[in-house]
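So that the names make sense, note that chain A is the first sequence line, chain B the second, and so on, each numbered from 1. The basis for the numbers below is simple: all heavy atoms, side chains too, and nothing from hydrogens, waters or symmetry mates.
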Amino acid sequence: MADYNFKEIEPRWQQFWLDQQSFRAPGPGDDGFDASKPKYYVLDMFPYPSGAGLHVGHPKGYTATDITARYKRHQGFNVLHPMGWDAFGLPAEQYAIQTGTHPAVTTAANVDNFRSQLQALGFSYDWAREIDTTSPDYYKWTQWVFKQLFEKGLAYEAEIPVWWCSKLGTVLANEEVVDGHSERGGHPCEKRPLRQWMFKITEYADRLLADLEDLDWPDSVKAMQREWIGRSEGAELGFVIDGVDECITVFTTRPDTLFGASFCVVAPEHPLLASFVSDEQRDEVAAYQEQAKGKSDLQRAELQKDKSGVFTGAYAVNPIFKDGDPRQLIPIYTADYVLMTYGTGAIMCVPDGDERDHQFAEKYDLPIPKILDDNQCLCNSDFLDGLTKEQAVPKMIEWLVANEIGEKCINFRLRDWLFSRQRYWGEPFPVLHEVVDGKRNGNVKLVDDADLPVSLPILEDFGPTEDGAPPLARAEEWVKVVDSDGKVYEREVNSMPQWAGSCWYFLRFLDPHNTSEAWSAEAEKYWMPVDLYVGGAEHAVLHLLYARFWHKVLFDCGLVSTSEPFQKLVNQGMVQSFAYKNERGILVSIDEVEGDEGNYTLIETGEKVEKLVAKMSKSLKNVINPDDVCDEYGADTLRLYEAFMGPLTTSAPWNPRDLPGVHRFLQRTWRVFDSGFADAACDDIERGLHKCIKKVGDDLEAMGYNTAIAAMMEFINLATKSKIDLTVEQGQRFSVLLEPFAPHLAEELYKLCGGSDALAQLPWPSYDNKMLVADTIEIPVQVNGKLKAKAVIAADADKDAQQEAAELAIAGEINGTVRKVIVIPGRMVNFVVS
RNA sequence: GGGGAGGUAGCCCAAUGGCAGAGGCAAAGGACUUAAAAUCCUUCCAGUGUGGGUUCGAGUCCCAUCCUCCCUACCA
């Protein structure tokens with residue numbers, strides 16, 4: 001009898017897997033590739049290798065994909081299960097600025113730490129395919145992909161007002177600014193006009209929206225992407241400004257309400273505003289514009305209950321009314337509830353139809369003409385009277401087109417993607433600006449493929465420059481390029497945002513050592529699309545939308561064979577932690593609290609605190625370190641616990657009290673094998689094993705990891721209670737079932753019961769349906785749906801025999817006439833009595 | 001305001017429309033032990049947030065309602 005010694009077992013098998021390359025996934029063209037096997041590509045969202053190391057949230061998703069990867073190998077798939085590092089990014093750069101250490105140095109150290117942490121958890125990655133987005137071998141191809149997008153005409157430079165964060169010394173994408181503050185760090189941001197690289201993602205808006213339909217993705221993520229793309233159908237129409245030779249164009253989803261349009265509002269930033277504002281109102285409007293400029297979008301939103309605005313002194317002509325009609329001239333206001341960044345930055349206001357317009361009209365005492373009746377049908381609207389919205393909109397559009405006033409229009413909330421950053425630690429652009437007489441002349445040239453990668457120059461000073469120019473501008477020798485024909489160029493000194501590397505990494509995994517192409521067409525055709533992609537919901541929009549966009553472009557270029565990269569997506573739930581809240585509602589650090597069973601107090605003061613669930617955070621000292629868990633219980637226990645916490649998609653707090661439970665299961669399993677083996681199989685155990693094989697297989701298909709583990713626990717409980725040991729052969733079959741979940745122990749057990757093959761490649765055991773049911777079963781007998789008795793029947797009894805047995809069991813309980821008998825074979829019998 | 005996911009035992013979590021319980025935690029009792037730990041055995045505990053409906057039969061389907069969590073928001 002020996003103990004379950006995970007500390008000895010786990011490192012030994014980890015080394016074995018590395019030495020044997022047990023999880024190498026040969027692809028087309030590689031030695032050992034078997035083209036006859038089906039493929040399965042299971043991918044994790046690769047991590048940013050932070051200095052803090054792995055968090056227990058990471059292994060939740062990684063364990064799930066690893067279980068599935070290992071299961072698919074047993075089913076005979078060629079499984080591609082790779083891991084890499086999304087290693088460009090701000091934290092490494094900021095650390096570099098603070099310490100003077102080059103980001104490449106800290107990144108390499110962090111990567112080493114992450115890799116060894118992941119290997120200590122026994123994940124079955126093909127480490128030969130490891131990639132690092134900051135390696136020149138990798139970003140060479142990121143630059144190459146950029147060139148493909150550029151050559152498709154999808155990249156352009158623009159001088160646009162962008163979010164500028166002076167603290168970070170960089171511009172940020174709209175998506176990276178929340179409530180006027182940087183998403184990372186929470187620093188205040190302001191709008192500044194700067195020359196930037198943009199991608200025309202809006203050209204793909206329709207397809208990005210439509211193709212969501214066929215994806216096996218969570219509804220919540222699809223909904224978020226739909227909202228982000230924000231397609232809305234309506235019309236654009238022109239309003240001529242009275243007495244001025246200008247026309248403002250408005251976008252509306254309700255052109256049918258034009259009869260009720262009693263004023264117009266333009267955004268304070270509207271370019272035409274200055275041309276039509278009256279002299280009397282000029283100062284007031286200018287003051288309002290100045291005030292609006294200083295407001296963040298958050299501040300604008302905060303004021304939503306109290307709208308503000310200023311009359312411009314100008315009037316627009318409502319085109320639906322004839323000359324002389326008193327309703328024809330409508331005042332134009334400027335107000336910050338209209339955003340320049342959406343639609344045309346100008347709206348027609350229909351206070352009877354739109355709540356916001358109504359508020360504004362009431363505040364500024366503007367007319368509110370009634371155009372909708374109690375049934376929300378149009379009234380006072382001439383040729384639209386009595387029509388519903390659905391009927392009236394096309395009719396009005398028809399009228400607008402016929403009178404050359406406007407046309408049908410589809411608007412998207414999606415904006416073009418701001419793709420440049422003023423940072424050091426990112427991919428350089430493969431772009432040269434032509435310089436004549438010391439000045440850029442506006443001509444842009446791409447770097448030849450043969451000259452890729454454009455390597456990141458080594459700098460001493462990574463911080464932003466005084467004048468806001470990117471840090472790369474300091475590398476003067478690097479910036480200046482003289483062509484063979486004598487032309488002088490300056491390199492682009494902006495760098496790409498962190499999204500770049502993650503937009504196509506799943507393609508590089510297919511063929512990571514290819515030095516002549518980003519990936520081979522053969523490998524792409526075989527492995528793509530990703531069959532299962534698991535990651536956090538925080539990437540529901542940005543990463544997943546950007547990656548889909550690049551992929552569609554590559555598809556249009558004929559470089560990939562699928563129009564979508566990720567067929568099935570699953571969001572793992574968050575691993576939270578317990579926290580404590582004092583009476584003033586403030587969260588307190590976990591080490592200041594004592595007590596249990598619902599009574600918790602502060603150690604120092606005795607003040608009562610309330611237990612709740614919150615995100616893990618350093619300040620609450622409730623962060624769980626996977627290394628500590630591994631040290632105390634082992635990697636198999638950690639894996640099993642993460643998979644057993646509940647469904648993968650559910651968030652749940654880390655509960656240290658539950659860890660011993662799964663650890664005990666592994667110990668019990670060990671003892672079942674360690675107690676020796678029987679010569680002949682026990683029938684009960686054999687039946688239990690068949691049941692277990694079926695349940696674990698079915699659950700794995702549905703990613704029901706927690707219930708699969710429960711089934712294995714059930715079997716081990718059965719085997720523990722049995723006086724008869726497993727046979728060697730039963731032990732081998734169970735080892736295969738356990739291998740995806742607790743691979744180290746499974747390898748050890750397989751060896752204990754005499755296994756000599758490569759466990760990871762063994763076929764998944766089969767089960768016999770006949771072994772799943774006992775000879776006789778007990779079924780409920782109901783009267784009017786209420787349980788009255790039980791009957792014992794043969795498992796294969798036919799309907800009549802089952803009813804007969806039920807009648808016997810219920811004899812005397814039935815008072816009344818039997819109207820109907822419901823017999824569900826093998827399930828139950830119900831007598832309907834009146 | 002809009003969208004998404006949920007409410008089952010003291011806790012986490014199961015249950016193709018068919019006996020509410022698979023599994024784990026916690027609790028209680030017992031066996032083993034000089035004792036403790038570990039281990040093993042046994043036991044306790046809910047009628048599924050609420051109100052209707054469909055059905056022979058509803059945790060499961062439909063409608064309404066309450067609560068929780070997440071996302072999003074002057075998007076015209």
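- At a threshold of 4.0 angstrom between heavy atoms, the contacts of A/T650 are confined to the sugar-phosphate backbone, with no base atom among them.
- For the P atoms, the distance linking B/rG49 with B/rU8 amounts to 6 Å, nearest Å.
- Rounded to whole angstrom, the span from the NZ atom of A/K363 across to the P atom of B/rC74 amounts to 18 Å.
- In this structure, OH of A/Y705 is placed 22 Å from P of B/rG24, rounded to the nearest angstrom.
- The separation of B/rG18 from B/rA58, taken at their C1' atoms, amounts to 10 Å, rounded to a whole angstrom.
- Following rounding to the nearest Å, A/M340 (CE) and B/rA76 (C1') show an atom-to-atom distance of 13 Å.
- Among B/rA76, B/rG4, B/rU39, the nucleotide with an atom closest to any side-chain atom of A/Y342 is B/rA76.
- Around atom CD of A/E807, more than 12 heavy atoms belonging to other residues, nucleotides or ligands sit under 6.0 Å away.
- Shown here, B/rC69 forms a base pair with B/rG4; the pair counts as Watson-Crick or G-U wobble because both key distances fall under 3.5 Å.
- Under the Watson-Crick or G-U wobble criterion, with both distances below 3.5 Å, B/rU16 is left unpaired in every strand shown.
- Residue A/M828 is in base contact, counting any heavy-atom pair closer than 4.0 Å across all strands shown.
- Environment of NZ in A/K222: crowded, with over 12 heavy atoms of neighbouring residues, nucleotides or ligands closer than 6.0 Å.
- In this structure, A/R668 reaches the B/rG24 phosphate: one of its side-chain N or O atoms is under 4.0 Å from OP1 or OP2.
- A/N655 has no side-chain polar atom (N or O) that falls below the 4.0 Å cut-off from OP1 or OP2 of B/rA26.
- Backbone-only contact: A/A223 has heavy atoms under 4.0 Å from sugar-phosphate atoms and none from a base.
- In this structure, A/Y705 and A/F741 have perpendicular ring planes: the angle between them is above 60°, well past the 30° mark.
- Across the protein-nucleic acid pair, A/R639 atom CZ and B/rG24 atom P stand 21 Å apart, rounded to whole Å.
- Across every strand in view, B/rC74 sits unpaired, with no contact that passes the Watson-Crick or G-U test at under 3.5 angstrom.
- To the nearest 0.5 Å, the span separating CZ on A/R413 from OG1 on A/T341 amounts to 9.5 Å.
- Counting non-hydrogen atoms under 4.0 angstrom, A/D357 reaches nothing in the nucleic acid.
- Look at CD1 on A/I347: it is 9 Å from C1' on B/rC74, rounded to the nearest Å.
- B/rC75 and B/rG6: their P atoms are spaced 28 Å apart (whole Å).
- A 3.5 Å limit on both hydrogen-bonding distances identifies B/rU39 as the Watson-Crick or G-U partner of B/rA31.
- Using P as the reference atom, B/rU50 and B/rA9 are 11 Å apart when rounded to the nearest Å.
- Looking only at atom types and distance, the side chain of A/T202 has a donor-acceptor partner in the side chain of A/D416 under 3.5 Å away.
- Base contact: A/E778 has a heavy atom under 4.0 Å from a base atom.
- In terms of polar N and O atoms assigned as donor or acceptor, the side chain of A/N830 comes within less than 3.5 Å of the base of B/rC56 in a complementary pairing.
- Using atom C1' as the reference point in both B/rG59 and B/rA22, the two lie 16 Å apart (nearest Å).
- Below 30°, between 30° and 60°, or above 60°: for A/W654 and A/Y641 the angle between ring planes is above 60°, a perpendicular geometry.
- When rounded to the nearest whole Å, the span between CZ of A/R413 and C1' of B/rG2 equals 11 Å.
- Look at the C1' atom in both B/rG7 and B/rA14: the space between them is 15 Å, to the nearest Å.
- In a base pair of the Watson-Crick type (N1 to N3 plus N6-O4 or O6-N4) or a G-U wobble (N1-O2 and O6-N3), with each distance short of 3.5 Å, B/rA64 is matched with B/rU50.
- The CZ atom of A/R671 sits 8.5 Å away from the CG atom of A/D3 when rounded to the nearest 0.5 Å.
- A/H539 has its NE2 atom 16 Å from the C1' atom of B/rC70, to the nearest Å.
- Nucleic acid contact class of A/P647 (heavy atoms, under 4.0 Å, all strands): sugar-phosphate only.
- Judged by atom type and distance alone, A/K721 does not reach the base of B/rC40 through any side-chain donor-acceptor pair under 3.5 Å.
- Between A/Y364 and A/F360, the ring planes are tilted. Angles from 30° to 60° get that label.
- OP1 and OP2 of B/rC75 both lie 4.0 Å or more from every side-chain N or O belonging to A/R231.
- Proximity of A/N706 to the phosphate of B/rA14: a side-chain N or O atom is located under 4.0 Å from OP1 or OP2.
- Residue contacts for A/M645: at a heavy-atom cut-off of 4.0 Å it reaches the sugar-phosphate backbone alone, with no base atom in range.
- Atom C1' of B/rU48 sits at a distance of 11 Å from the matching atom of B/rA15, rounded to the whole Å.
- Counting atom types as modelled, A/Q782 pairs a side-chain N or O with a base atom of B/rG18 as donor and acceptor under 3.5 Å.
- Taking the C1' atoms as reference points, B/rC19 lies 43 Å from B/rG2, given to the whole Å.
- Residue contacts shown for A/R664 are limited to sugar-phosphate atoms, with no base heavy atom under 4.0 Å away.
- For the pair A/Y641 OH and B/rC13 P, the computed distance is 10 Å after rounding to whole Å.
- Of the nucleotides present, B/rG10 is the one that pairs with B/rC25 by Watson-Crick or G-U wobble criteria, both distances under 3.5 Å.
- For B/rU16, its base sits under 3.5 Å from the side chain of A/R827 at one donor and acceptor pair at least.
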